[in-house]
Amino acid sequence: MAPRRLKPDQITEMFRRFQAADPAPEGELDYVNPYTLLVAVVLSAQATDVGVNRATGPLFKFVDTPEKMVELGEAELISYIRTIGLYRMKARNVIALSQILIDRYGSEVPRDRAALEELPGVGRKTANVVLNIAFGEPTIAVDTHLFRLGNRTGLAPGKTPLEVELKLEKVVPPEYKRHAHHWLILHGRYVCKARKPECPRCLINDLCLFKEKTVSVP
DNA sequence: ATCCCGAGGG
DNA sequence: CCCTCTGGAT
């Protein structure tokens with residue numbers, strides 16, 4: 001069956017409300033510079049931001065450059081991030097990625113999608129987050145939250161994250177693109193949750209096309 | 001499609 | 001016990 005989708009004026013209204021409620025949304029991953037942001041996002045795969053911040057707090061206090069990370073080494077890095085899921089692969093990727101930044105990019109985080117996606121542990125979603133947060137570009141990173149909301153609300157239905165991203169690129173009004181990722185991710189994290197969406201206190205529940213919408217009982 | 005892989009919630 | 005959490009590589 002063809003997925004129902006919101007109309008342009010409804011989408012504009014949706015983002016108008018998001019902006020009114022939270023004019024300058026921010027991500028919840030802690031970082032001190034573009035490099036630590038990149039590391040934090042790599043570590044955040046299949047992990048909670050709280051869990052990532054707990055590990056990166058002590059780490060970034062001393063290790064905030066690619067050189068210091070390579071010097072720290074994989075085994076030591078693991079001692080910091082052992083409480084995060086998938087830590088072996090992540091530690092290996094962070095060390096390798098740091099060495100590549102030193103060798104090819106003068107220890108800077110490249111402001112370039114292709115260059116970012118060549119780094120181990122960095123895919124399209126991570127590259128989009130870095131471009132958006134570190135460099136202020138209007139990219140819309142589609143993670144598990146955006147993918148769910150795009151389909152559930154009718155904002156941008158798609159079978160894959162990339163499909164949802166390209167559709168968002170088309171339907172989100174230009175003036176809202178820069179913050180679309182943050183608004184949607186925060187909404188997905190606290191209100192439009194995967195398990196038990198709290199529709200009664202959702203500020204766009206009258207626009208949303210979710211069929212099993214929970215209704216408030218007066 | 002499957003693996004990686006710990007913490008927290010229900 | 002079950003599932004989910006700002007995925008990526010094979």
Side-chain angles (χ1 to χ4, degrees), chain A residues 18 22 25-31 34 36-60 74-75 77-98 100-101 109 113-153 155-156 158-166 168 172 177-198 212 214:
Chain A
F18 280 139
D22 190 358
E26 291 182 13
E28 305 203 329
L29 287 175
D30 294 336
Y31 62 98
T36 51
L37 169 68
L38 172 60
V39 173
V41 180
V42 168
L43 294 178
S44 74
Q46 295 299 103
T48 62
D49 51 354
V50 176
V52 173
N53 290 339
R54 186 168 50 231
T56 58
L59 176 63
F60 292 162
E74 194 174 314
L77 175 57
I78 286 180
S79 70
Y80 282 95
I81 68 172
R82 192 182 292 280
T83 55
I84 304 177
L86 318 179
Y87 64 86
R88 267 188 279 263
M89 191 67 66
K90 288 173 181 176
R92 185 168 22 241
N93 287 337
V94 167
I95 297 297
L97 150 180
S98 299
I100 293 175
L101 293 185
V109 176
R113 174 191 299 288
L116 287 170
E117 287 192 29
E118 281 179 26
L119 300 172
V122 179
R124 189 177 182 88
K125 179 262 175 181
T126 299
N128 276 331
V129 173
V130 172
L131 289 172
N132 181 289
I133 301 179
F135 299 114
E137 297 195 13
T139 58
I140 303 177
V142 175
D143 54 34
T144 175
H145 288 307
L146 282 272
F147 183 68
R148 181 178 68 255
L149 296 216
N151 283 292
R152 179 185 278 173
T153 64
L155 170 63
K159 295 183 292 293
T160 66
L162 178 59
E163 211 174 300
V164 172
E165 181 189 326
L166 297 179
L168 285 171
V172 178
K177 278 184 185 175
R178 187 144 316 180
H179 296 306
H181 169 72
H182 279 138
W183 281 321
L184 291 171
I185 203 169
L186 292 172
H187 187 61
R189 179 143 161 50
Y190 296 113
V191 182
C192 195
K193 298 177 290 188
R195 275 264 185 102
K196 213 178 69 174
E198 300 186 20
E212 299 141 56
T214 57

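So you know, we letter chains A, B, ... as the sequences are listed, proteins then strands, and number each from 1. Because only heavy atoms are used, hydrogens play no part in the values below, and waters and symmetry mates are left out as well, while side chains stay in.
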Exercise for the section: Whole angstrom is fine here: how far is it from OH in A/Tyr190 over to C1' in B/dG9? Expected result: 15 Å

Completion exercise
Hits for side chain to side chain donor-acceptor pair (under 3.5 Å) against A/Arg148, two or more places apart or cross-chain, chain-then-number order -> A/His145

Exercise for the section: Using the test side chain to side chain donor-acceptor pair (under 3.5 Å), find all partners of A/Glu137 that sit at least two apart in sequence or belong to another chain. Expected result: A/Arg111

Exercise for the section: In whole angstrom, give me the gap between the C1' atoms of B/dC5 and C/dT4. Expected result: 13 Å

Exercise for the section: Indicate, with a heavy-atom threshold strictly under 4.0 Å, whether A/Gly51 touches base, sugar-phosphate, or nothing. Expected result: nothing

Practice task
With sequence neighbours left out, write down each residue that passes salt bridge (charged side-chain N to carboxylate O under 4.0 Å, His left out) with A/Lys159, or none if nothing qualifies.
Solution key: A/Glu163

Handout entry: salt bridge (charged side-chain N to carboxylate O under 4.0 Å, His left out) partners of A/Arg124, counting only residues at least two apart
Key = A/Glu165

Fill in the blank from the handout: Taken in chain and number order and not counting sequence neighbours, the residues that satisfy salt bridge (charged side-chain N to carboxylate O under 4.0 Å, His left out) with A/Glu28 are A/Arg189

Exercise for the section: Evaluate the side-chain proximity of A/Val42 to A/Leu119: yes if any heavy-atom separation is below 4.5 Å, no if none is. Expected result: no

Practice task
Considering only atom P, compute the distance from B/dA7 to C/dG8 and round it to an integer number of Å.
Solution key: 22 Å

Handout entry: Sorted by number, the residues of residues 136-144 of chain A with heavy-atom contact under 4.0 Å to DNA chain C
Key = A/Asp143, A/Thr144

Problem - Set of residues satisfying ring-ring contact (aromatic ring centres under 6.0 Å, His included) with respect to A/His181, sequence neighbours excluded - result: none

Handout entry: Test side chain to side chain donor-acceptor pair (under 3.5 Å) applied to A/Ser98 - qualifying residues, sequence neighbours left out
Key = A/Tyr35

Problem - A/His182: partners by ring-ring contact (aromatic ring centres under 6.0 Å, His included), with sequence neighbours left out - result: none

Might you list the N or O atoms of the protein lying below 3.5 Å from N or O atoms in nucleotides 3-7 of chain B, with each pair's distance?
residue: B/dC5; atom: OP1; partner: A/Arg88; partner atom: N; Å: 3.2
residue: B/dC5; atom: OP1; partner: A/Arg88; partner atom: NE; Å: 3.0
residue: B/dC5; atom: OP2; partner: A/Arg88; partner atom: NE; Å: 3.0
residue: B/dC5; atom: OP2; partner: A/Arg88; partner atom: NH2; Å: 3.1
residue: B/dC5; atom: O4'; partner: A/Leu86; partner atom: N; Å: 2.8

Fill in the blank from the handout: At a 4.0 Å cut-off to heavy atoms of chain A, the contacted part of DNA chain C spans C/dC3 to C/dA9

Practice task
Under 4.0 Å between any heavy atoms, over every strand shown, what does A/Leu119 touch: base, sugar-phosphate, or nothing? Just pick one.
Solution key: sugar-phosphate

Problem - Residues that A/Arg178 engages under side chain to side chain donor-acceptor pair (under 3.5 Å), provided they are two or more places apart - result: none

Practice task
Nearest-nucleotide wise, let me know which of A/Asn93 and A/Leu29 is further upstream toward the 5' end of DNA chain C.
Solution key: A/Leu29

Problem - Contact nearer the 5' end of DNA chain C, comparing A/Glu28 with A/Val122 - result: A/Glu28

Handout entry: Test item: A/Lys125 and A/Ser44 side chains (from C-beta on) under 4.5 Å apart, heavy atoms
Key = yes

Handout entry: Rounded distance in Å between the C1' positions of B/dC4 and C/dC5
Key = 14 Å

